[in-house]
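Structure first, commentary second.
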Amino acid sequence: MVATEQARVATARVSRAGQNALAAAVALLIVMTPALTTADDLNSDINRLKAQVADLAGELYALEESILHPADTQVAVFLTLARKDVLELDSIELFVNDTPVSSHLYTDRERQSLQQGGVQQLYLGNVPHGEHELRAVLTARTGNDRYIRREAEHRFQKRPGESRIQLSLDARAPDYEPRFLFSEWK
Amino acid sequence: MDADVRMSRSFVRNVRFALVAVGVLTVCGQNVAFAGNATEVARMAALAQFDLAAGKPRLALARTEGSQGESVAWQRARALMGTGQVVRARDLLERQLQGQTHRGDAALILGRIANSEGDAAGASRYFDTAARLGFGETRQQALYELAALKLGADDPDAAGQLLAKMEPGYWAALGYMNLAGVYSIRDLNAARPLVALRVALAMSEQDAMGERSASLRSQLLVRVGYLSYLQEDHEKAIGFFEQVPLNSYHMPRALYLHGLALAARDNHRAAMQSWHRARKYPLAYPGVEDAWLGMGRGYDLSGYLGQAGEAYLAANASYESERVTLKKLAARIEADGAWKALILDARGSDAQWFLADSRTLTQPRMAYLLQFMESSVAQEAVSRVSELVDLKLYLAEKQQNLIVWKTSLRERLATDPGSAGMRWAGLADRAETLREQVQALAQRQGAKSVPDELSNTAETLSAVENALNALEQRLAKRDAQIAALVRRADAALTNIQSLSSQVAKLQERAESSLDRVALTFVSDQDKRMAFALDKTEQQIAHLYEYLALEALERGGQ
């Protein structure tokens, strides 16, 4: 009889303890829920804003092209790698008619992107019709682990309409000497 | 011939001059309109791919606007994810999943979206698809995510089976490290976690990417060393700790544990050398406050009670000083906000870049920042503010550009096109003269082929003549075109102003959220220091008690 009573009291204690724990958990949830909701609200508000800014960026991109780079005088230079793993680019500088117009230091992700077929827009600007000179200065680590600096020049004729020049870099075994291949996108 | 060439060169200069003049008069042209053919689409996709790698998702999004095709859609989906447009990205990713390329990659991102939304079942389905369709790193990441889901569901055996399917490398090592964490919580002894960590160590050696691999390896070495120490395999523990690189973030903890393992082998002198080295690091790092205590304990066990007392007092002073630093940091967070007090100011500006690496680990504020950033809540809070600061800077830059362009366009509107008309007549005459000279030079060549330079010049001159012929027509449209551009710039400026005010409001909210997280962190650090202070005070009390009893005993004799 005493044992039964003790068991009942113990059960009641456990039950009270359980209720207390449940109450504490509910209280904790009540306390935490506004904080979580606020963080979620803030995240979704930020995402909405980022989407609006991205839309604006599209509009600005088009406007910038219209204002700054009229098609008739526009020249764009793009860089690609002709083959994977032959050159690990460190930096590139670009000169148009001996004026420096662009330079870039590469991150690992950018190098990887180029190796996977990515194309970099090195320069977008304006030049008058006629003949111009493009000079590229490159520093890179070659496939045979040499650190090199090479320059290449290319003369091009700026014609009416946009001019898009592709600089493709290649190097082949055994010397892995870089080759600069210039071509125009039709 | 030389004279001809000289003449040609001066002629080219004349043509260039004429062209520059035409360029000045030319009204802004048309937007670049890329044809929708396959080559163009592939080019746009490749350009967007590089933009994304360069951290410019907004530019990638602008480039891929309106382009069709799977490769470009994939880059667009990534750009949408990068600009926070998850809903729009999800539609594209679902379509990608039904297509021919990047199916595994799309499934992996969809799985992560589902996971972040708390849909574990959906996430599991997508990760499963990614593991099936993907290859290389994508497949490894998908398997890792699946294993993480199993660990989250408290099913380490299923997680272990998935990890067993993975290729050795970073993701497998990370998976085994998580598995060891779950085993550590469930098991009473360290046997299973130790095995999992040793597998993780072996897996991490196969990772080709240097920095992440080195960081993970340091973390694994500390963990496996600690478990070996718990297993009382002190020799192995010491071996693991000694492999942790000196410049690693985990070095202070490794030094403390190294000392602990040496002390367990009664090599107190060597242990104290390790703790002495650990004491050089800021107290923010785990293990450093214990190393201060360890010095006192080391002297005590070696029988140098006087030095032990001094070491405990030094530890006490350093903890108290750290509490003052923490109070100041909390006050600065309250006054200036955590973004400035903890994040921006931690960068410092007085050190040269080549010292930055070695400086990082020894700067107290940087140490607190690194410690703070270990928590995912802190990472999220900081990333929110950082994104908004980035948006603010972007909008400010674009606003400035637009104001300059608008001024320039208005100035152009104010110029009289009539003067251009007058100059046109003069230019047309010069072009005519130049044309005659070109023809004369070409005739002088006779049967010989015309040099490239001359034919290029003729081509340029023809372009000039065409431009001059079209000039009148273009001048007629000039004002309307410029006015349209000004209107577009005005609309964009209004849009920027509205977005900037939204950014400011959201930044305020994000910063106050970050302040709360940072103040909680600082308060936790203060509690840690208070606890360490209690421990040294107890040690000092025990030491004085012992010395008093000794003195009493000596007095009794």
Side-chain angles (χ1 to χ4, degrees), chain A residues 35 38-39 41-43 45-74 76 78-80 104 107-114 116-121 126-131 157-160 162 164 166 185-186, chain B residues 12 15-16 19-20 22-23 26-32 43 46-47 49-50 52-54 57-59 61-63 65 79-80 83-86 88 380 384 387-388 391 394-395 398 401-402 405 409 453 456-457 459-460 463-464 466-467 485 488-489 492 495-496 499 502-503 506 509-510 513:
Chain A
T38 313
D41 282 353
L42 189 55
N43 285 343
D45 284 353
I46 291 174
N47 277 345
R48 241 193 317 276
L49 182 72
K50 279 165 73 181
Q52 283 174 290
V53 173
D55 286 344
L56 172 80
E59 165 65 15
L60 288 176
Y61 177 73
L63 187 58
E64 191 173 316
E65 293 264 308
S66 309
I67 296 175
L68 293 183
H69 309 298
D72 266 357
T73 53
Q74 187 186 88
F78 302 95
L79 177 85
T80 63
H104 192 83
T107 63
D108 283 341
R109 289 187 66 192
E110 289 167 346
R111 277 186 213 112
Q112 211 178 347
S113 169
L114 285 173
Q116 289 168 353
V119 177
Q120 180 190 10
Q121 182 176 297
N126 300 291
V127 292
H129 298 169
E131 202 180 40
Q157 186 80 10
K158 174 68 191 118
R159 296 183 174 88
E162 62 192 27
R164 296 181 296 166
Q166 176 178 308
W185 284 359
K186 300 294 175 201
Chain B
V12 169
V15 172
R16 276 203 182 143
L19 276 166
V20 172
V22 170
T26 305
V27 182
C28 295
Q30 296 301 306
N31 188 11
V32 180
R43 282 172 185 163
L47 280 164
Q49 183 194 325
F50 186 87
L52 286 166
R58 284 189 285 263
L59 183 56
L61 204 58
R63 279 195 206 284
E65 181 80 54
L80 285 168
T83 51
Q85 302 178 73
V86 178
R88 282 158 77 181
E380 200 190 352
R384 272 198 296 261
E387 274 179 350
L388 289 165
L391 284 182
Y394 172 78
L395 290 173
K398 292 295 171 191
N401 286 350
L402 277 174
W405 296 341
L409 287 171
E453 202 171 15
N456 283 345
T457 307
E459 192 187 336
T460 306
V464 171
N466 288 339
L485 286 174
R488 278 171 71 187
N495 202 355
I496 284 180
L499 288 171
Q502 285 183 56
V503 168
L506 282 175
R509 278 170 63 193
S513 156

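Every chain is numbered from 1, with letters handed out A, B, ... down the list of sequences.
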Pair B:Arg384 + A:Asp41, salt bridge at N-O below 4.0 Å: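 Result for this pair is no, no salt bridge flagged.
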
If you round to the nearest 0.5 Å, how far is [atom2] of [Y] from [atom1] of [X]?
{"X": "B:Arg43", "Y": "A:Gln121", "atom1": "CZ", "atom2": "CD", "answer": "13.0 Å"}
{"X": "A:Leu60", "Y": "B:Lys398", "atom1": "CG", "atom2": "NZ", "answer": "6.0 Å"}
{"X": "B:Leu391", "Y": "A:Leu49", "atom1": "CG", "atom2": "CG", "answer": "5.5 Å"}
{"X": "A:Asn47", "Y": "B:Glu387", "atom1": "CG", "atom2": "CD", "answer": "7.5 Å"}

Winner by heavy-atom pair count (cut-off under 4.5 Å) against chain A, out of B:Leu59, B:Leu80, B:Thr83: B:Thr83

Distance-minimising heavy-atom pair for [X] and [Y]:
{"X": "A:Ala54", "Y": "B:Leu61", "result": "CB-CD2, 3.5 Å"}
{"X": "A:Gln120", "Y": "B:Leu47", "result": "C-CD2, 4.2 Å"}
{"X": "A:Ala51", "Y": "B:Gln85", "result": "CB-CG, 3.3 Å"}
{"X": "B:Phe50", "Y": "A:Ser113", "result": "CA-OG, 3.4 Å"}

Test item: side-chain donor near acceptor, A:Arg48 and B:Gln502, under 3.5 Å: no

Polar side chain donor-acceptor pair, A:Asn43 to B:Glu380, under 3.5 angstrom: yes

Residues forming a side chain to side chain contact (heavy atoms under 4.5 Å, CB included) with B:Asn495, sequence neighbours excluded: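 By the side chain to side chain contact (heavy atoms under 4.5 Å, CB included) rule, B:Asn495 matches A:Leu56, B:Leu499.
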
pair B:Trp405-A:Glu64: side-chain heavy atoms closer than 4.5 Å: yes

A:Lys50 side chain reached by B:Arg58 side chain, heavy atoms, under 4.5 Å: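 B:Arg58 does not reach A:Lys50 side chain to side chain.
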
Side chain to side chain donor-acceptor pair (under 3.5 Å) partner of B:Thr460, chosen from A:Arg159, A:Gln157, A:Glu131: A:Gln157

Choice from A:Asp55, A:Val127, A:Asn126, A:Asp108 maximising heavy atom contacts with chain B below 4.5 Å: A:Asp55

Selection from A:Glu110, A:Gln166, A:Gln116 maximising heavy-atom pairs under 4.5 Å formed with chain B: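 Ranked by heavy-atom pairs under 4.5 Å with chain B, first place is A:Glu110.
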
Chain A contact via B:Ala489 - which portion, at a heavy-atom distance below 4.5 Å: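 Contact with chain A: backbone and side chain both.
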
